[in-house]
Structure formats: structure tokens, C-alpha cells
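Okay, so here's the structure we're looking at.
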Amino acid sequence: CCMALRSENFRGAAVAVASLGAFACNDAIVKQVMLTLPEVQAVFLRGLVAVPLLSALSAYRRELFTPAAPRDRRLIAVRCVMDVANTFSFLAAIHRGPMADVAVVLAVQPLLVMLGARVLGERIEPAQWALAVVGLLGVVIVSRPGGNEGDAYEELRRRSSILFAAACAVLGSIRDLLARRLGRGVPSTQVATLSAAAVTVSAGVASLPQIASSGLQATPRELVLLCAASLFVAAALVGSVLQMRLGATGFVQPFRYSF
């Protein structure tokens with residue numbers, strides 16, 4: 001039993017690192033696209049490719065239409081809402097302030113997940129708390145938040161950015177903890193597909209005024225980049241669900257500071 005738990009811990013840690021790597025590649029590509037394309041349109045167009053990819057993966061594994069218990073269906077629905085709110089909070093944060101500030105606030109999320117797991121009754125060892133704190137300090141040192149203050153308007157935007165980033169961290173933590181509460185019979189690919197679909201539909205609705213006024217503004221180069229990003233985000237979304245369902249939270253979460 002001990003060996004099995006240890007094996008699952010390392011599998012969870014490996015999935016967490018791989019998922020974060022995929023998210024990092026996605027973020028790097030999408031940031032480039034967002035320099036010239038509205039943020040919500042970028043998320044929408046990326047989702048138009050990511051959702052079919054995830055659906056195909058889930059269908060190939062014969063998991064897309066796996067029936068879920070009523071309790072699990074409610075958890076998945078709430079998780080989708082959290083993911084949509086998390087996405088729009090993140091977009092609002094990076095639109096209003098420097099990425100360094102946003103990154104530091106979001107780095108609190110693994111600690112929030114550990115705190116939530118502890119409240120829900122899971123044991124977290126002191127060394128695991130210490131590792132997570134060290135990881136957070138590493139993010140602060142590397143990101144170097146703050147910097148020169150601008151005028152009052154810029155400072156207000158920066159503070160609002162930090163508030164949106166804090167909301168994003170809280171919403172993301174709730175989303176992750178909900179994944180851990182799902183029954184073992186619920187496929188992670190199905191959860192990731194439904195979540196990606198919810199975000200894509202929401203981004204599409206939010207994009208309607210822009211599309212109606214000026215049409216889709218993506219260039220062929222941007223579409224190619226978004227197709228590449230969709231591959232990474234599809235892998236990352238499955239990994240983000242799976243890493244919450246493997247091993248002990250206190251063991252896996254500090255590995256989220258790898259990137």
C-alpha cells in the first residue's frame with residue numbers, strides 16, 4: 001500500500017510538471033498573439049481547435065459519454081463555472097497590470113489548494129508546506145514584481161490587476177479542489193473537454209460585439225500560432241485535472257513551482 005501511494009505521488013508530480021510545461025508553452029504563444037489580437041478572440045479561436053482535439057481524445061478512449069453520478073455532474077458543472085470565471089479574471093488581470101505582478105499573485109494558488117485540502121481533512125506534512133513556501137519565494141525573486149510607479153490612473157489599474165489576479169488564484173484553487181472530489185469513475189479527459197467547451201463558448205459570446213463590429217481579426221500567422229497553442233492547452237487541461245486526482249496534495253502541489 002505504501003509503495004502504491006509513493007508511485008501515485010510520483011505520477012502526480014510528473015503530471016503536474018508536464019502540465020505546467022504545456023501551460024507555459026501555451027502562454028508564451030498566446031501572449032505573442034495577444035499583442036495584435038483581442039484577448040477574448042484569441043481564447044475563443046484557440047478553443048475552436050482545442051475542444052475538438054479533447055473530444056477526439058476522450059472519444060478514442062471511450063470516455064466522452066461515460067455516465068456520471070448526479071453528484072459528479074454537479075461538481076463538473078460548478079468546476080466549469082469556476083474555470084470560466086478563472087479565465088476571464090486572468091484576462092482582466094493581464095490587461096490591467098504587468099505580468100510580473102500577476103505571476104506572483106497566481107503563485108499563491110498551490111498553497112491555497114494545500115490549505116483547502118487541509119480544511120477538507122487531508123494531511124499536509126510540515127516539510128511540504130515549507131517546500132511550497134520556498135517555491136513561492138522563488139517565483140517572487142524571479143518575477144521581481146512592483147517596479148516604478150506611474151501616475152494615479154496607472155497605479156489604480158495595477159491595483160485592480162492584483163485584485164483580479166487574486167480572484168483568479170482563488171477561483172483556480174476551488175476548481176482544482178473540485179476535481180479532487182470527483183469520483184474515480186469520472187474520466188479526466190471528459191472533465192477537461194467539458195471545461196474547455198465552457199470557456200470557449202463563453203469567450204465566443206464575449207467576442208460577439210467585436211466580431212459583429214469588425215469581424216474576426218486573426219491573420220493566417222496568428223491562426224497557425226493558435227493551432228499550436230491549442231495542442232499545448234489540450235494537454236495541459238487534461239494534466240491539470242489528472243494531477244489533482246493522483247497522489248497526496250501535499251506531495252504534488254509543490255511541484256507546481258517547477259515553471
Side-chain angles (χ1 to χ4, degrees), residues 19-58 80-103 105-106 143 147 150-151 153-169 171-172 175 192-240 259:
S19 176
L20 281 167
F23 270 127
C25 293
N26 165 75
D27 290 347
I29 296 171
V30 172
K31 270 189 232 173
Q32 278 296 113
V33 174
M34 285 181 178
L35 293 175
T36 52
L37 186 69
E39 294 98 330
V40 182
Q41 277 195 40
V43 172
F44 173 56
L45 292 172
R46 182 191 64 185
L48 289 181
V49 180
V51 172
L53 283 174
L54 287 165
S55 300
L57 173 63
S58 189
C80 287
V81 172
M82 293 296 108
D83 213 2
V84 170
N86 172 271
T87 299
F88 281 91
S89 295
F90 176 74
L91 293 177
I94 62 173
H95 185 71
R96 287 168 171 77
M99 191 62 203
D101 290 354
V102 175
V105 177
L106 291 181
S143 298
D151 56 27
Y153 175 70
E154 287 300 321
E155 183 62 19
L156 181 62
R157 283 176 61 85
R158 180 171 170 269
R159 290 182 182 180
S160 67
S161 170
I162 291 172
L163 287 176
F164 277 113
C168 185
L171 291 164
R175 175 201 62 200
T193 302
L194 292 171
S195 184
V199 171
T200 301
V201 170
S202 300
V205 171
S207 298
L208 283 176
Q210 295 174 347
I211 295 172
S213 63
S214 53
L216 285 172
Q217 301 169 23
T219 64
R221 174 181 174 275
E222 290 166 347
L223 290 174
V224 170
L225 288 173
L226 288 172
C227 285
S230 69
L231 293 171
F232 289 113
V233 82
L237 288 173
V238 175
S240 69
F259 283 86

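The residues of the chain are indexed from 1 along the displayed sequence.
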Fill in: Sequence-distant partners of Arg159, salt bridge (Lys or Arg N to Asp or Glu O under 4.0 Å), two or more places apart
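Arg159 satisfies salt bridge (Lys or Arg N to Asp or Glu O under 4.0 Å) with Glu155 only.
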Starting at [atom1] of [X], measure out to [atom2] of [Y] and round the result to the nearest 0.5 Å.
X	Y	atom1	atom2	answer
Arg158	Arg96	CZ	CZ	15.0 Å
Leu225	Leu45	CG	CG	12.0 Å
Ser89	Ile94	OG	CD1	11.5 Å
Ser55	Leu194	OG	CG	8.5 Å
Cys25	Leu20	SG	CG	11.0 Å
Ser161	Leu156	OG	CG	11.0 Å

Indicate yes or no: at least one non-hydrogen side-chain atom of [X] is less than 4.5 angstrom from one of [Y].
X	Y	answer
Val30	Met34	yes
Leu106	Phe90	yes
Thr200	Val43	no
Leu37	Leu226	yes
Val33	Arg46	no
Pro220	Val224	no

Discussion item. Surrounding CD of Gln210 (heavy atoms of other residues, nucleotides or ligands, distance under 6.0 Å), is the total greater than 12?
Written reply: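 More than 12 heavy atoms, drawn from other residues, nucleotides or ligands, come within 6.0 Å of this atom.
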How close do [X] and [Y] get, heavy atom to heavy atom, and via which atoms?
X	Y	result
Ala228	Ile29	CB-CD1, 4.1 Å
Phe44	Ile211	CE2-CD1, 4.4 Å
Val40	Ala206	CG1-CB, 3.6 Å
Val105	Ala166	CG1-N, 3.4 Å
Ala218	Leu223	CB-CD2, 3.8 Å
Gln217	Pro38	OE1-CD, 3.6 Å

[X] (side chain) donor-acceptor with [Y] (main chain) under 3.5 angstrom:
X	Y	result
Glu222	Thr219	yes
Ser240	Leu237	yes
Asn86	Cys168	yes
Ser195	Cys80	no

Worksheet item: How far apart are the C-alpha atoms of Leu53 and Val49, what are their side-chain angles, what is the distance that settles it, and do they pass the side chain to side chain contact (heavy atoms under 4.5 Å, CB included) test?
Response: CA-CA 6 Å; Leu53 283 174; Val49 180; 4.1 Å; yes
Item to complete: Only pairs at least two apart or in different chains count here, so list each salt bridge (Lys or Arg N to Asp or Glu O under 4.0 Å) that has a residue in residues 83-94.
Response: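 As it turns out, the salt bridge (Lys or Arg N to Asp or Glu O under 4.0 Å) pairs with a partner in residues 83-94, which skip direct neighbours, are Asp83-Arg175.
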